[in-house]
Amino acid sequence: MSLSFDHGEYRVVSRLNEAQSGRLVETVVAGDVDRETVFRDNWRTLSARVRFENQSLLLKVPRARNGRRWERFLTRFRGSDAVRTFRHLERMAAMGFSAPEPVLACEQRQGGAVVDSFVCYRFVDGRPARPEDAPKVIAALQALHQKGYLRSDAQMANFIVNGERITFIDFRLKKPRFLPALQKARELDRFLRSCPEARRSLDPSLASSGWLRLATRLEDARFALRNVKRRLRKR
């Protein structure tokens, strides 16, 4: 059960008690959190395994999203990227999927727009999925699609294996409204591009489906356009 409350200039959503939550917020904001492993630290994102009061957490600060004007404008009508991540993790658990346990998210607003935010969730032990895990990963991804959701960024590296369980990490849930079958096929195609060996694991009817063939053509066009843009930028 999560709590929502104000702590100083921050609005907090947390599964910790209010005192613990306040200490965690103050530690992160002050930059005093103990970083055990830093996975990414650039202008776009800070992602690090941190230690807080004997708890191993994943701290994520969406720096780019916190700073973009358009993103800030949108937060006048919705929660921050951090709070939405917290809610998406809750929703995944409610649907019966394996995902990190959300611990705390907070956001700071100025003039109604979010200018700073971060989220913490339990660090997931396990190993990154490998090609031999493709059948289980595809099954988990299709199960999510059957629930009516996309996970976004469906790459092999964004699935963790712990025993027999496939855990979703680094995702944003999205409910496709327009041509959902095509959008699900495009997400599957992106996963297959990250792990070409996984094509051998596809059910024959799925591998030959019209939606997947169309999705592949659209993704080919998208990648070709992106490469053209990159070449133009270099010039």
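We're numbering straight along the sequence, starting at 1.
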(request) Locate the shortest heavy-atom distance separating Ala198 from Phe191; write the atom from each residue and the value. (result) CB-CE2, 3.8 Å
(request) Before accepting this row, confirm whether a basic side-chain N of the pair Lys136/Glu164 lies closer than 4.0 Å to the acidic partner's carboxylate O. (result) yes
(request) Identify which one of Glu71, Arg172, Lys60, Glu107 satisfies the side-chain contact (heavy atoms from CB on, under 4.5 Å) criterion when paired with Asp81. (result) Arg172
(request) Mind listing the closest non-hydrogen atom pair of Pro176 and Lys184 along with its distance? (result) CG-CE, 4.4 Å
(message) For a quick test of reading the model, state the closest non-hydrogen atom pair linking Thr167 to Ala99 and the distance between them.
(response) CG2-CA, 3.8 Å
(request) Any chance you could measure Leu150, atom CG, to Arg190, atom CZ, to the nearest 0.5 Å? (result) 8.5 Å
(request) Looking only at non-hydrogen atoms, find the nearest pair between Arg109 and Ser80 and report the distance. (result) NH2-N, 4.4 Å
(message) So, taking the atom named CZ in Arg68 and the one named CZ in Arg63, what distance separates them when rounded to the nearest 0.5 Å?
(response) 13.5 Å
(request) Please determine, by modelled atom types, if Arg177 and Gln183 share a side-chain donor-acceptor pair under 3.5 angstrom. (result) no
(request) Find out whether Val13 and Cys106 are in side-chain contact, i.e. whether some heavy atom of one side chain is under 4.5 Å from a heavy atom of the other. (result) no
(request) Measure from the side-chain N and O atoms of Asn66 to the backbone N and O of Ser117, and report whether any donor-acceptor pair falls under 3.5 Å. (result) yes
(request) Flag the pair Glu90 and Arg15 as a salt bridge only when some basic side-chain nitrogen lies within less than 4.0 angstrom of an acidic carboxylate oxygen. (result) yes
(message) When you group the ILVMFWY residues by side-chain heavy-atom contacts below 4.5 Å and let the links chain together, are Leu214 and Phe223 in the same group?
(response) no
(message) Can you confirm whether Arg23 sits close enough to Phe52 that some side-chain heavy atom of one is under 4.5 Å from a side-chain heavy atom of the other?
(response) yes
(request) Please check if Val119 and Leu16 belong to a single hydrophobic cluster, counting links between Ile, Leu, Val, Met, Phe, Trp and Tyr side chain heavy atoms closer than 4.5 Å. (result) no
(request) Consider only side-chain heavy atoms of I, L, V, M, F, W and Y, link residues closer than 4.5 Å, and tell whether Met95 and Val137 are in one cluster. (result) yes
(request) To the nearest 0.5 angstrom, please state how far the CZ atom of Arg44 sits from the CZ atom of Arg65. (result) 9.0 Å
(request) Kindly work out whether a path of hydrophobic side-chain contacts (I/L/V/M/F/W/Y, heavy atoms less than 4.5 Å apart) joins Leu58 to Val161. (result) yes
(request) Would you give the length of the straight line joining atom CZ of Arg49 to atom CG of Leu57, rounded to the nearest 0.5 angstrom? (result) 9.5 Å
(message) Between Asp189 and Leu212, is there a side-chain heavy-atom distance shorter than 4.5 Å?
(response) yes
(message) Looking at every non-hydrogen atom in both residues, tell me the closest pair between Arg165 and Ser98 and how far apart they are.
(response) NH2-CB, 3.5 Å
(request) Look at the side chain of Ser194 and the backbone N and O of Gln155, then say whether any donor-acceptor pair between them is shorter than 3.5 Å. (result) no
(message) Taking the side chain as everything from C-beta on, heavy atoms only, tell me whether Leu89 gets closer than 4.5 Å to Arg84.
(response) no
(message) side chain to side chain contact (heavy atoms under 4.5 Å, CB included), that's the test. Do Val50 and Asp34 meet it? Break it down for me.
(response) CA-CA 5 Å; Val50 302; Asp34 181 16; 5.9 Å; no
(request) In plain terms, say whether Asp170 and Arg40 are close enough for a salt bridge, that is, a side-chain N and a carboxylate O under 4.0 Å apart. (result) no
(request) Indicate yes or no for a side-chain donor-acceptor contact from Asn17 to the backbone of Gln20 under 3.5 Å, with no hydrogens or angles considered. (result) yes
(message) Could you tell me if Arg151 sits above the aromatic ring of Phe171, with its cationic atom closer than 6.0 Å to the ring centre and no more than 45 degrees from the axis?
(response) no
(message) Distance check, rounded to the nearest 0.5 Å: Tyr10 atom OH versus Ser21 atom OG?
(response) 14.5 Å
(request) Determine whether the side chains of Arg87 and Ser2 contain a donor N or O and an acceptor N or O closer than 3.5 Å. (result) yes
(request) Compare every heavy atom of Gly111 with every heavy atom of Arg76, then report the nearest pair and how far apart it is. (result) NH1-O, 2.6 Å
(request) Give the C-alpha distance, both sets of side-chain angles, the deciding distance and a yes or no for side chain to side chain contact (heavy atoms under 4.5 Å, CB included) between Glu53 and Leu24. (result) CA-CA 9 Å; Glu53 296 184 356; Leu24 179 54; over 6 Å; no
(request) Report yes or no: do His145 and Glu187 form a side-chain donor-acceptor pair below 3.5 Å? (result) yes
(request) Assess whether atom CZ of Arg127 is packed by more than 12 heavy atoms of other residues, nucleotides or ligands within 6.0 Å. (result) yes
(request) Flag yes if more than 12 heavy atoms outside Glu132 fall under 6.0 Å of its CD atom; otherwise flag no. (result) yes
(message) If we check side-chain contact (heavy atoms from CB on, under 4.5 Å) with Ile160, which of these qualifies: Asp125, Ile166, Ile169?
(response) Ile169
(request) Any chance you could measure Asn158, atom CG, to Ser152, atom OG, to the nearest 0.5 Å? (result) 8.5 Å
(message) Check whether Asn227 reaches the backbone of Ala224 with its side chain - one donor and one acceptor, N or O, closer than 3.5 Å.
(response) no
(request) Measure from the side-chain N and O atoms of Arg35 to the backbone N and O of Val38, and report whether any donor-acceptor pair falls under 3.5 Å. (result) no
(request) Find out whether Arg11 and Ser4 are in side-chain contact, i.e. whether some heavy atom of one side chain is under 4.5 Å from a heavy atom of the other. (result) yes
(request) Just do the side chain to side chain donor-acceptor pair (under 3.5 Å) check on Arg122 and Gln55 with the steps written out, would you? (result) CA-CA 8 Å; Arg122 304 281 179 202; Gln55 301 179 65; 2.3 Å; yes
(message) Is any side-chain heavy atom of Tyr149 closer than 4.5 Å to one of Phe97?
(response) no
(message) Run Asp220 and Arg193 through salt bridge (charged side-chain N to carboxylate O under 4.0 Å, His left out) and show every step you take.
(response) CA-CA 10 Å; Asp220 285 343; Arg193 289 171 191 267; 2.7 Å; yes
(message) Count I, L, V, M, F, W, Y as connected when their side-chain heavy atoms are under 4.5 Å apart, and connections chain through other members. Are Leu141 and Leu173 then in the same cluster?
(response) yes
(message) Are more than 12 heavy atoms, taken from residues, nucleotides or ligands other than Arg78, located less than 6.0 Å from that residue's CZ atom?
(response) yes
(message) I want to check something: taking the side chain as every heavy atom from C-beta on, are Leu192 and Leu202 in contact at a cut-off of under 4.5 Å?
(response) yes
(message) Do Leu144 and Phe168 make a side-chain contact, defined as non-hydrogen atoms from C-beta onward lying under 4.5 Å apart?
(response) yes
